[in-house]
Amino acid sequence: MADIIEVDFQLVWQYPVFIRTAESEQQRIEGPDAALDALNHRWSDVRGGGYFEAKRRCVDALRRRGSAELARQRFIQAAIAAGVLA
């Protein structure tokens, strides 16, 4: 029997983060679920600069094994490094 992993997809940050997508549209990221989706599907080709750390911290926050604020900080760092922070 497999273990059940509890995930909190409703987790939101106190302050959203705004990024620009490849289509130059501004996108509002309100929590680690949206951040993880952006990292996986709408990110630039830049995979360094904290990209993998941001993904890991977002997953940790969603699984309630890490801080949502730390996930936000790492997402911002990755967005700055990728040049997508709006």
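Worth knowing before you read on, the calculation uses all heavy atoms, side chains too, and leaves out hydrogens, waters and symmetry mates.
- Closest heavy-atom contact between Ala78 and Ala54: CB-CB, 4.0 Å.
- Side-chain contact between Leu62 and Asp33: present, with at least one pair of heavy atoms (C-beta onward) separated by less than 4.5 Å.
- When all heavy atoms are compared, the tightest approach of Leu11 to Ala68 is CD2-CB, 3.8 Å.
- Counting heavy atoms from C-beta outward, Phe75 and Pro32 have side chains that stay 4.5 Å or more apart.
- Grouping the Ile, Leu, Val, Met, Phe, Trp and Tyr side chains by contacts below 4.5 angstrom, directly or via other members, places Phe52 apart from Leu36.
- In terms of heavy atoms, Trp13 sits closest to Ala71 at CZ2-C, 4.1 Å.
- Both Val17 and Tyr51 are part of a single hydrophobic cluster, where members link through side-chain heavy atoms under 4.5 Å apart.
- The distance from atom CD1 of Ile76 to atom CG of Leu85, rounded to the nearest 0.5 Å, is 7.0 Å.
- Residues Gln77 and Ile80 form no side-chain contact, since every pair of their non-hydrogen atoms from C-beta on lies 4.5 Å or further apart.
- With contacts defined as side-chain heavy-atom distances shorter than 4.5 Å, the pair Gln26/Ile19 does not qualify.
- A heavy-atom distance below 4.5 Å is not found between the side chains of Ile29 and Phe18.
- Put simply, the residue from Arg57, Glu69, Lys55 that forms a side-chain contact (heavy atoms from CB on, under 4.5 Å) with Arg74 is Arg57.
- Side-chain atoms of Gln27 and Arg42 form a donor-acceptor pair, as typed in the model, at a separation below 3.5 Å.
- From Gln73, atom CD reaches atom OG of Ser67 across 7.0 Å, with rounding to the nearest 0.5 Å.
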